[in-house]
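All heavy atoms count here, side chains included; hydrogens, waters and symmetry mates do not.
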Amino acid sequence: ELENVSLNFPVFEKNSTSLRMNLVHYGTGGVLGTNAGKYSVGALQDISLRLEKGDAVGLIGPNGAGKSTLLKVMSGIYVPTNGTVNRTGSVGSLLSIGTGMDMDLSGYENINQLAKLYGAHLSDISEICRDVEEFTELGEYLSLPVRTYSSGMATRLAFALSTVSRPQILLIDEAFGTGDAYFQEKAKQRLARMVEHASVLVFASHSASLIRRLCSKSALLHKGQLLYFGETEDAFDRYDELQNQLEADRAQRRTNTAQRDVNQSNGQEGDRRSRADDSFESEGQVDITLFRNRIVNGGFSLWGRGDRFT
């Protein structure tokens, strides 16, 4: 359960973290230098969400909406700036494939190390090894250092290690962007088995088909705000409306930019003409004697006298 959760990331200017600025801050008891050069970016804004046993929730929204950030708050990686997060049951997260893997260790050594890290009993490690062997199909390569693997082999091992646990609350940031079609299909099947064992699933993805397949409810996020939480089809209807509005806004901005460029171009042309007119008028009179002399010297006389022309 999330109640009025907000998360701000502090952003510091270069000088704000200098030794001098810190000495000023501490030397004055925080009176000076407290906020010097410090800004914050609001990643999540006042989000309240209650999930019940059996819920399978999709997180949808455009890039930068806050989906991955919300998952990290739910998992405990990020502590909210404001609000509270209450969890009941074991939490497992598949947010970054390969986290905790040591490239200098062999595949088997990584399996043993990460299984212990996930809290597996020693009696379960042999079964976990067999499970990883069957999923990855790496064979003898599991005895070699991971740094000798191809990227595809390392991805298979990393995904298998990330999905060995069976938590009650399962948090997933879409992990199907890599690997060939055969691996992606196996990954989806393995994930489906995890979902069956979980009491609560929260799944962030840009794949509408996956969200519809796995999630009965969905939350629509935009700019760190929760715009809608309810039935998945209703959430996608709201998402379509949001995307149409965003596209209309982008088109309007492009139109405004083009019009501004035209106005600036016309203004610059007007300035050039104005400067030329001012230059002409500032002379007051134009002495054409020089031109007359040049023409006469060239063998043709345009004027009879060297008068001044105004």
Which distance, rounded to the nearest 0.5 Å, do you find between the [atom1] of [X] and the [atom2] of [Y]?
X      : Y      : atom1 : atom2 : answer
Asp124 : Cys129 : CG    : SG    : 11.0 Å
Met194 : Gln189 : CE    : CD    : 15.0 Å
Leu59  : Ile211 : CG    : CD1   : 7.0 Å
Asn110 : Met103 : CG    : CE    : 8.5 Å
Leu220 : Phe229 : CG    : CZ    : 12.0 Å
Met74  : Leu51  : CE    : CG    : 5.5 Å

Using a 4.5 Å cut-off on heavy atoms from C-beta on, say whether the side chain of [Y] contacts that of [X].
X      : Y      : value
Met101 : Leu157 : yes
Val85  : Tyr78  : no
Glu133 : Tyr108 : yes
Tyr182 : Glu137 : yes
Met153 : Thr136 : no
His222 : Leu246 : yes
Arg147 : Asp104 : yes
Lys72  : Leu7   : no

Do Tyr228 and Glu241 have a side chain donor and acceptor closer than 3.5 Å?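 There is no such pair between these side chains.
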
Within 45° of the six-membered ring axis of Phe135 and under 6.0 Å from that ring's centre, is NZ or CZ of Arg190 located there? yes

[X] side chain vs [Y] backbone, donor-acceptor pair below 3.5 Å:
X      : Y      : value
Asp46  : Ser6   : no
Ser199 : Gly54  : no
Gln45  : Lys223 : yes
Thr232 : Cys215 : yes
Gln168 : Ser90  : yes
Asp55  : Glu52  : yes
Tyr141 : Gly107 : no

Tell me if the [atom1] atom of [X] is crowded by more than 12 foreign heavy atoms within 6.0 Å.
X      : atom1 : value
Gln243 : CD    : yes
Glu247 : CD    : yes
Glu233 : CD    : yes

Hey, any chance [X] and [Y] share a hydrophobic cluster, counting ILVMFWY side chains that come within less than 4.5 Å of each other, even indirectly?
X      : Y      : value
Ile125 : Leu161 : no
Leu201 : Phe236 : yes
Val146 : Leu105 : no

Does this structure show an ion pair linking Arg130 with Glu127, if we count only N-O contacts that are shorter than 4.0 Å?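 Salt bridge absent between Arg130 and Glu127.
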
Nearest heavy-atom neighbours spanning [X] and [Y]:
X      : Y      : value
Leu242 : Pro62  : CD2-CD, 4.1 Å
Ile60  : Lys67  : C-CD, 3.7 Å
Ser106 : Leu142 : CB-O, 3.6 Å
Ser48  : Leu226 : O-CD2, 3.6 Å
Asn8   : Gly42  : OD1-CA, 3.3 Å
Gly92  : Pro167 : N-CB, 3.3 Å

Which residue in the set Leu44, Leu221, Ile77 passes side-chain contact (heavy atoms from CB on, under 4.5 Å) when paired with Thr69?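 Per the side-chain contact (heavy atoms from CB on, under 4.5 Å) rule, the option paired with Thr69 is Leu44, out of Leu44, Leu221, Ile77.
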
Would Leu214 and Ile172 satisfy side chain to side chain contact (heavy atoms under 4.5 Å, CB included), going step by step from the backbone distance to the final call? CA-CA 12 Å; Leu214 297 174; Ile172 304 174; over 6 Å; no

Partner of Asn256 by side-chain hydrogen bond (donor to acceptor under 3.5 Å, both in side chains), out of Gln252, Arg260, Gln259: Gln252

